[in-house]
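Everything below concerns the one structure shown next.
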Protein chains: 2
Amino acid sequence: MEDNKRGAAAAAEELPGGRALPKTGKSEQTRAVILDTAMRLFRERGYDKTTMRAIATEAGVSVGNAYYYFESKEFLIQGFYDQMTHEHARAAAVRMEGVRDFAERLDIALTAWLDCAAEYHEFAAQFFRTAADPDSSLSPFSNESHPARATAVALFRDVLMDSDLAPKLDAELTELLPDLLWLHLMVVVLYWVFDRTPDTARTREFVRRSTPLTARVIALSRYRAFRPLVRDAKGLIQDFILPTIGRTPLPDRPTSTPAPTSRRRKPRKSAT
Amino acid sequence: MEDNKRGAAAAAEELPGGRALPKTGKSEQTRAVILDTAMRLFRERGYDKTTMRAIATEAGVSVGNAYYYFESKEFLIQGFYDQMTHEHARAAAVRMEGVRDFAERLDIALTAWLDCAAEYHEFAAQFFRTAADPDSSLSPFSNESHPARATAVALFRDVLMDSDLAPKLDAELTELLPDLLWLHLMVVVLYWVFDRTPDTARTREFVRRSTPLTARVIALSRYRAFRPLVRDAKGLIQDFILPTIGRTPLPDRPTSTPAPTSRRRKPRKSAT
DNA sequence: ACCGTTCTTTGAACGTGTTCAAAACCTGCG
DNA sequence: CGCAGGTTTTGAACACGTTCAAAGAACGGT
């Protein structure tokens with residue numbers, strides 16, 4: 001990491017959002033103007049067609065000023081993502097009210113995301129592209145302190161906990177599932193990004209069909225016959241998936257299954 | 001699609017690789033020199049640090065000439081990907097010889113990929129970033145005519161068909177699995193891209209632990225109790241996953257399960 | 001009121017990917 | 001050879017993201 005792509009240009013250490021919290025409330029307004037202008041232009045013209053010069057001009061500031069508040073053009077996306085995540089959490093909570101069926105709650109939560117993100121479809125493709133870059137601090141996978149993800153995971157915890165399924169599951173699974181459901185959302189997002197049908201109808205249908213299946217798999221996991229399978233799957237997820245996305249679940253349990261299916265040495269050929 | 005990002009600049013229609021096949025063998029040599037130089041520089045300095053001017057200079061041509069053969073810098077990646085895919089298929093086939101156990105064959109195939117890609121780890125992150133862009137014709141997901149994917153899927157067909165698991169599965173599943181195993185590879189690639197451990201040891205361990213699980217799930221799918229679950233999962237994959245990556249599996253069967261779990265209308269709120 | 005310090009703003013300048021009109025080269029034909 | 005048609009090559013020019021030294025504003029202490 002000796003030659004960082006962006007080496008903390010300003011004194012920005014607080015948020016990955018671009019800069020530290022300013023003291024005066026004045027500059028926060030400038031920041032907001034720039035962000036709002038950028039979002040509008042992204043919506044209107046798309047990400048690539050919107051130049052930093054255009055954003056600055058439309059916002060009534062200089063281009064350098066935009067870079068004072070946002071480390072790069074990509075960091076403007078972060079602003080969008082944070083904003084949308086909160087909007088999604090609110091919308092989903094409202095729509096789920098009263099619904100107990102787990103599959104239906106999950107469906108509502110995912111569909112709510114599609115609705116929130118709808119008008120940014122074109123532009124969000126660019127966002128996803130950025131998310132796939134491990135060097136970018138915007139990536140929801142690699143950046144552990146991504147605040148938006150915590151919000152999203154909390155939403156899925158609610159999806160589960162207020163459903164009829166929650167009391168039937170053991171504690172461990174309850175601990176794991178919110179993150180897994182968030183991964184489910186990531187899969188849906190991936191599908192959505194590539195979806196070109198009007199109103200992303202295909203993705204909506206995909207959600208409608210996949211959620212009952214997810215619910216069924218989770219419900220099945222309680223049965224005796226799957227214990228070994230479920231146990232191994234849980235281990236895999238705990239040891240390899242969750243740490244990657246910045247979680248250390250079940251801290252009271254010291255790395256179970258030390259040598260999983262040991263001995264099974266393969267002839268590791270030496271290149272060429 | 002009225003304002004294409006890159007509108008077929010030259011008379012390039014043949015390959016997505018950048019240009020049509022030239023008549024003389026001479027220019028093909030120039031093309032090869034440019035590609036090889038680019039790959040070398042990518043390896044040495046990484047993608048971002050390698051400028052088109054540097055590639056051109058090192059290759060002994062002008063920068064415009066590089067653009068005559070490759071529509072953009074990203075298209076140079078395509079060359080890398082095609083090359084590596086074939087290398088992987090060859091290496092995996094050799095290593096699998098004689099091995100019958102499915103989990104082990106899968107492990108070998110995936111690990112072979114990690115070995116082939118090892119020296120491009122840094123640079124391939126950039127490739128993955130490109131792959132996540134639905135507008136890019138390099139994306140293995142959206143671009144249906146991606147020749148490299150056919151090669152990769154064929155490899156996984158071999159992984160399955162020459163294993164002890166193949167005769168125990170029904171025809172439908174046999175049809176689906178190669179593509180699904182390719183998706184498994186895509187997941188591993190995603191994991192690998194974000195993996196920063198030396199020699200990507202973590203990804204290797206992830207493969208070692210996940211392949212037996214995959215094998216177990218597939219084996220389980222034969223049992224009576226899962227029939228409905230497996231049937232729905234198959235339907236979902238056939239209708240929503242495979243078409244997206246450019247496949248039309250089981251063409252003899254006319255869209256089974258027309259209305260899956262019908263009626264379950266949710267109060268679809270009208271925006272705001 | 002004056003100064004020092006920090007926060008904010010500016011816009012010219014730089015490096016990079018990409019484009020394009022023109023030149024150079026080639027090849028077959030009279 | 002001379003010339004017409006194509007293919008290949010050139011490098012200056014352009015647009016954009018980003019940087020930076022310097023200027024301006026705000027504010028606290030004396």
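So you know, we letter chains A, B, ... as the sequences are listed, proteins then strands, and number each from 1.
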Report yes if a side-chain nitrogen or oxygen of A:Asn65 is closer than 4.0 Å to either non-bridging phosphate oxygen (OP1 or OP2) of C:dT10; otherwise report no.
-> yes

Between P of C:dG15 and CE of A:Met52, the distance in whole Å | 20 Å

Distance, rounded to the nearest Å, where B:Gln29 contributes CD and D:dT9 contributes C1' | 15 Å

Rounded distance in Å - CG (B:Leu41) to P (C:dT16) = 13 Å

For atom CG of B:Asp48 and atom C1' of C:dG15, their distance in whole Å = 13 Å

Any B:Ser27 side-chain nitrogen or oxygen under 4.0 Å from OP1 or OP2 of D:dT8 | yes

In whole angstroms, how far is the P atom of C:dA24 from the OH atom of B:Tyr68?
-> 18 Å

B:Tyr69, nearest nucleotide to its side chain (from C:dG17, D:dT8, D:dT18) = D:dT8

Distance in angstrom units between A:Lys49 NZ and D:dA15 P, rounded | 16 Å

Euclidean distance, atom CD1 of residue A:Ile77 to atom P of D:dG17 [Å, nearest integer] = 12 Å

If you pin A:Gly64 and A:Thr51 to their nearest nucleotides in DNA chain D, which one's is more 5'?
-> A:Thr51

If you look at every strand shown and take non-hydrogen atoms under 4.0 Å, does A:Val63 touch a base, only sugar-phosphate, or nothing?
-> base

B:Phe240 ring centre to A:Arg202 NZ or CZ under 6.0 Å, with the angle to the axis within 45°?
-> yes

Hey, does the side chain of A:Lys49 reach the backbone of A:Phe42 with a donor-acceptor pair shorter than 3.5 angstrom?
-> no

Against the side chain of B:Tyr67, the closest entry in D:dT9, C:dT18, D:dT8 is C:dT18

Determine: side-chain N/O of A:Ser72 to OP1/OP2 of D:dG17, distance under 4.0 Å, yes or no.
-> no

Does A:Lys73 make a cation-pi contact with A:Tyr47, if we ask for NZ or CZ under 6.0 Å from the ring centre and within 45° of the axis?
-> yes

Between A:Val61 and A:Arg53, just flag the one whose closest nucleotide in DNA chain C comes earlier from the 5' side.
-> A:Val61

Indicate yes or no: does A:Arg31 engage A:Glu28 in a salt bridge with an N to O separation below 4.0 Å.
-> no

Is the distance between the ring centroids of A:Phe75 and A:Tyr69 under 6.0 Å?
-> no

Within this structure, what is the CZ-to-P distance between A:Arg45 and D:dC16, rounded to whole angstrom?
-> 10 Å

